[in-house]
2 protein chains.
Amino acid sequence: MALEHAILVSLDERSGSGYELAQRFEKSIGFFWAATHQQIYRTLKRMVELGWVSRHEVAQDGRPDKKVYEVADAGRAELARWLASPSEPETLRHDLSVKIRGASLGDAAALTGEIARHRDLHAERLDVYLAIEKKDFPDPSALSGRRLHQYLVLRGGVRAERALVEWCDEVLAAMREDDRR
Amino acid sequence: MALEHAILVSLDERSGSGYELAQRFEKSIGFFWAATHQQIYRTLKRMVELGWVSRHEVAQDGRPDKKVYEVADAGRAELARWLASPSEPETLRHDLSVKIRGASLGDAAALTGEIARHRDLHAERLDVYLAIEKKDFPDPSALSGRRLHQYLVLRGGVRAERALVEWCDEVLAAMREDDRR
DNA sequence: GCGTACATGTAATGTGTTACATGATTGA
DNA sequence: TCAATCATGTAACACATTACATGTACGC
């Protein structure tokens, strides 16, 4: 029920086509809200019907025409309404935890390999976030408004990925120690 | 695609009815994989058809009959297969991050209230996890096998909730500081 | 008499995923 | 000429959410 709102936030930062939005959902906004281009196209269509966004076609030379979407007044109103409404913490679906919990029923070596792979994936993401932090927000104490909010969300990503890396390390150490006995 | 596997892991620890499973998904296993009773009943039905679990009806006095499910050989084989197969990190959907990113478009005070509420929710969960850790796993270095795996998954919960509490605190401090200027 | 726990389900709707489909331009 | 990028979509299916539906037993 919140893909619409993620799109509204993104379009408010900058208007764009469905294709451009899909790209933003592969990075930046996608760091905390995943969506594929199919979802985005479908949702944009509905949002036009609701009057939350307006669409105008833009001809381009050498490239296919694109449909640029912009937040409409009704969209801004909906966003304000949603921002003020309470929301519950997301319900978790953590594959790897299920696997660890069931570890004794399968191949332990294959599972530790998988955990190590996840550890590296999270370490990579952490590096990406830290690089963005260093480059785009060198002086956090000077930030305010929109820029501050972007920085704070990025900080959430840093904390989450760091926690995951450390947890994977703890799990690997304990499982290897257990293996040795 | 993994609710089946979460159910298999849970049923392998102890056989039970759909109702009992639903309760486990409200606590313990539900800490890292959420499911409602409707999902569970539907999935159990499919799993019986696939031959992954067996069902036998148990009459009770003073209470409705229940259908107890048990993991079958085919279920154990499927679980082993799944444990050895790679899985991607879950795609994130973090409501609160979307809201923070859109903060400048709504009522800032209402949003900080909401963040504070989430902070308290996460602190509560953290306390629950820490209490379980203290009570059920007083000597972690002595653990092995299944008990060790349960402990390690719980440690993931502790780390995740702690990271969320600390992040909420960081966000609240920065947004209040920004307000004052 | 009311709420809670036990116990299982159906139906409708909303979302998400996967596969398929098209077609132009640019650079290696 | 082959792959990648730009650009938009349909269709089928899988899965999740919400509301509704039923009925017993027990304690306050």
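Convention: sequence-line order gives letters A, B, ...; per-chain numbering from 1.
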Using atom [atom1] of [X] as one end and atom [atom2] of [N] as the other, report the distance to the nearest whole Å.
{"X": "Glu88(B)", "N": "dG16(C)", "atom1": "CD", "atom2": "P", "value": "19 Å"}
{"X": "Leu3(B)", "N": "dT15(C)", "atom1": "CG", "atom2": "C1'", "value": "17 Å"}
{"X": "Gln39(A)", "N": "dT8(D)", "atom1": "CD", "atom2": "P", "value": "17 Å"}
{"X": "Phe25(B)", "N": "dT17(D)", "atom1": "CZ", "atom2": "P", "value": "13 Å"}
{"X": "Ile40(A)", "N": "dT17(C)", "atom1": "CD1", "atom2": "P", "value": "12 Å"}
{"X": "Met47(A)", "N": "dT15(C)", "atom1": "CE", "atom2": "C1'", "value": "15 Å"}
{"X": "His5(A)", "N": "dG14(C)", "atom1": "NE2", "atom2": "P", "value": "15 Å"}
{"X": "Arg24(B)", "N": "dA7(C)", "atom1": "CZ", "atom2": "P", "value": "12 Å"}

Can you measure from [atom1] ([X]) to [atom2] ([Y]) and round to the nearest 0.5 angstrom?
{"X": "Glu114(B)", "Y": "Cys168(B)", "atom1": "CD", "atom2": "SG", "value": "10.0 Å"}
{"X": "Ser17(B)", "Y": "Arg55(B)", "atom1": "OG", "atom2": "CZ", "value": "12.0 Å"}
{"X": "Lys45(B)", "Y": "Ile40(B)", "atom1": "NZ", "atom2": "CD1", "value": "15.5 Å"}
{"X": "Asp95(A)", "Y": "His5(B)", "atom1": "CG", "atom2": "NE2", "value": "9.0 Å"}

If you restrict it to nitrogen or oxygen atoms, what contacts under 3.5 Å exist between nucleotides 3-7 of chain D and the protein, and what is each distance?
from	atom 1	to	atom 2	distance (Å)
dC6(D)	OP2	Tyr19(A)	OH	3.2
dC6(D)	OP2	Gln23(A)	NE2	3.0
dA7(D)	OP1	Gln60(A)	OE1	3.1
dA7(D)	OP1	Gln60(A)	NE2	2.6

- Item | Which nucleotide in dT8(D), dT10(D), dT10(C) has an atom nearest any side-chain atom of Lys45(B) |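 For the Lys45(B) side chain, the nearest candidate turns out to be dT10(C).
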- Message: On DNA chain C, does the nearest nucleotide to Arg93(B) precede the nearest nucleotide to Arg55(B) from the 5' side, or the other way round? Give the residue.
- Response: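 Its nearest nucleotide being more 5', the pick is Arg55(B).
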- Would you mind reading off the bend of the helix from dG1(C)-dC28(D) to dA28(C)-dT1(D) from its two end axes, five pairs each, to 10 degrees?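 For the helix from dG1(C)-dC28(D) to dA28(C)-dT1(D), the axes at opposite ends meet at about 30°.
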- Query: Can you find a side chain N or O atom of Gln38(A) that sits less than 4.0 Å from OP1 or OP2 on dT17(C)?
  - Reply: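 Indeed not, no polar side-chain atom of Gln38(A) lies that close.
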- Report yes or no: do Asp12(A) and Ser10(A) form a side-chain donor-acceptor pair below 3.5 Å?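 There is no such pair (donor and acceptor under 3.5 Å, judged by atom type) between the side chains of Asp12(A) and Ser10(A).
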- Message: Are Tyr19(A) and Leu21(A) connected into the same hydrophobic cluster when the rule is that any two of I, L, V, M, F, W, Y join if their side-chain heavy atoms are below 4.5 Å apart?
- Response: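 No, separate clusters.
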- Message: Is the ring pair His37(B)/Tyr41(B) parallel, tilted or perpendicular, if the boundaries are 30 and 60 degrees?
- Response: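 Rings of His37(B) and Tyr41(B): perpendicular, as their planes differ by over 60°.
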- Task: Please figure out whether Thr43(B) or Tyr69(A) has its closest DNA chain D nucleotide nearer the 5' end.
- Result: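 Whichever sits nearer the 5' end wins; that is Tyr69(A).
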- Side-chain donor/acceptor of Arg42(A) to base of dG16(C), under 3.5 Å: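 Answer yes: a donor N or O sits under 3.5 Å from an acceptor.
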- Shortest non-hydrogen separation from Glu20(B) to Ser15(B) and the atoms involved: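 Closest heavy-atom pair between Glu20(B) and Ser15(B): OE1-O, 4.3 Å.
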- Item | Criterion side-chain contact (heavy atoms from CB on, under 4.5 Å) on Val165(B) and Asp169(B), from CA distance to verdict | CA-CA 6 Å; Val165(B) 170; Asp169(B) 283 338; 3.9 Å; yes
